[in-house]
Amino acid sequence: MTDMDAELSAGTDDEVDPRWLRSRTRLLDAAVDLLRTGGIEAVTIDAVTKASKVARTTLYRHFGCSSDLLAATLERLLPPVMPPPSTGSLRDRLVELVCRQATLYEEAPLHPTTLAWIALRPTDNGADDDANDWQRCRGTLQARVVEHYRQPFEAILRSPDAHAQLDEFDLELAVCQLVGPLLFAWMIGLRVVDHQDCARIVDDFLAAHRLDEAKAGARSP
């Protein structure tokens, strides 16, 4: 369910026409099915309207352009943000969180497709309306994906334990260091990342950022 879907569902029947919600759901259901079977190229206006049996004019009431439709479809594939582990040492919590991400790539293989679409660059100078629409939708989805990744890691890496044990670091770079190897390994088929691999990734990160004993003692309450 996208953020927009959640907002619409939260409204009352007086505020949102149920027929409007049904047509949007049918369009996105059809688009997701096309994406799963044919990839990004399969999610076209014509294919979605045919598969959903929703008129093109209705589709354009929900999505202003094909980029809007594709962005909403990809957002649907984002799994819900999982709360970070709440117990255990700093290392144990990070290892568990990194393992969850590794499992996500194996169990939800279309999730990296969303990341790949975000990483694409326009094929022209971006001057025409289509390119501008694509950039706008890509930017909106990118912001949601960044927040999706950032939230659970921020909760751990900004915790009192992390403050007492680690030096200053860039949070976004830290997320890249912890999650980046998982995505790279999955996308190129290099290897299946297991729990031991996740632990090593975390240990390497902690070794690079751990305070020496004198500084750690000074930070302790």
Side-chain angles (χ1 to χ4, degrees), residues 2-3 39-40 67 70-71 73-86 88-123 126 134-212 215-216 219:
T2 67
D3 289 350
I40 286 177
S67 295
L70 184 54
T73 304
L74 289 168
E75 188 181 349
R76 260 208 172 190
L77 299 176
L78 292 177
V81 176
M82 296 293 292
S86 58
S89 67
L90 174 64
R91 177 185 183 275
D92 289 345
R93 295 172 69 197
L94 283 173
V95 170
E96 182 177 344
L97 187 55
V98 172
C99 285
R100 289 181 186 179
Q101 292 295 331
T103 300
L104 171 64
Y105 295 143
E106 292 301 318
E107 294 183 351
L110 279 176
H111 179 53
T113 300
T114 304
L115 306 183
W117 187 78
I118 291 172
L120 291 175
R121 298 294 185 266
T123 55
W134 184 87
Q135 289 281 41
R136 172 182 55 78
C137 294
R138 172 181 169 273
T140 299
L141 184 58
Q142 182 180 37
R144 290 173 180 169
V145 170
V146 168
E147 187 66 13
H148 174 85
Y149 277 104
R150 183 187 179 103
Q151 284 181 10
F153 281 97
E154 183 171 18
I156 296 177
L157 294 173
R158 293 292 188 234
S159 67
D161 283 348
H163 177 73
Q165 298 177 39
L166 305 179
D167 62 12
E168 297 297 326
F169 58 87
D170 182 286
L171 178 63
E172 292 179 356
L173 180 59
V175 175
C176 293
Q177 291 171 320
L178 292 166
V179 179
L182 312 179
L183 183 60
F184 179 78
W186 186 92
M187 292 190 74
I188 69 171
L190 183 64
R191 64 187 293 167
V192 175
V193 177
D194 59 19
H195 185 277
Q196 185 175 356
D197 295 325
C198 293
R200 182 169 181 178
I201 290 169
V202 170
D203 286 339
D204 288 345
F205 172 80
L206 293 176
H209 292 284
R210 194 176 299 280
L211 290 172
D212 60 41
K215 292 182 179 178
R219 282 195 180 186

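In what follows, every heavy atom counts, from backbone to side chain, and hydrogens, waters and symmetry copies are set aside.
- A distance of 10.0 Å separates CH2 of Trp186 from CG of Leu104, quoted to the nearest 0.5 Å.
- In this structure a side-chain-to-backbone donor-acceptor pair under 3.5 Å is present from Asp197 to Asp194.
- The cationic group of Arg158 lies under 6.0 Å from the six-membered ring centre of Phe169 and within 45° of the ring axis, placing it in a cation-pi geometry.
- Side-chain contact between Leu178 and Leu97 is absent, with no heavy atoms from C-beta onward closer than 4.5 Å.
- The heavy-atom pair separating Leu182 from Val98 by the smallest distance is CD1-O, 3.5 Å.
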Exercise for the section: Evaluate the side chain to side chain contact (heavy atoms under 4.5 Å, CB included) criterion for residues Asp161 and Ser89: first the C-alpha distance (whole Å), next the side-chain angles of each, then the deciding distance (0.1 Å), finally the verdict. Expected result: CA-CA 8 Å; Asp161 283 348; Ser89 67; over 6 Å; no
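- Closest approach of Cys176 and Pro181 over heavy atoms only: O-CD, 3.8 Å.
- When all heavy atoms are compared, the tightest approach of Val95 to Ala199 is CG2-CA, 3.9 Å.
- We find the CG-CZ distance between Asp167 and Arg210 to be 10.5 Å, quoted to the nearest 0.5 Å.
- Leu211 approaches His163 most closely through the heavy-atom pair CD1-O, 4.3 Å.
- Considering every non-hydrogen atom in both His195 and Cys99, the closest pair reads CD2-SG, 3.4 Å.
- Screening Ile201, Asp203, Leu206 against Leu94 for a side chain to side chain contact (heavy atoms under 4.5 Å, CB included) leaves a single residue, Leu206.
- At distances below 3.5 Å, at least one donor-acceptor pair connects side-chain atoms of Arg93 with backbone N or O atoms of Pro85.
- In this structure, His209 and Glu168 approach most closely via the heavy-atom pair ND1-O, 4.3 Å.
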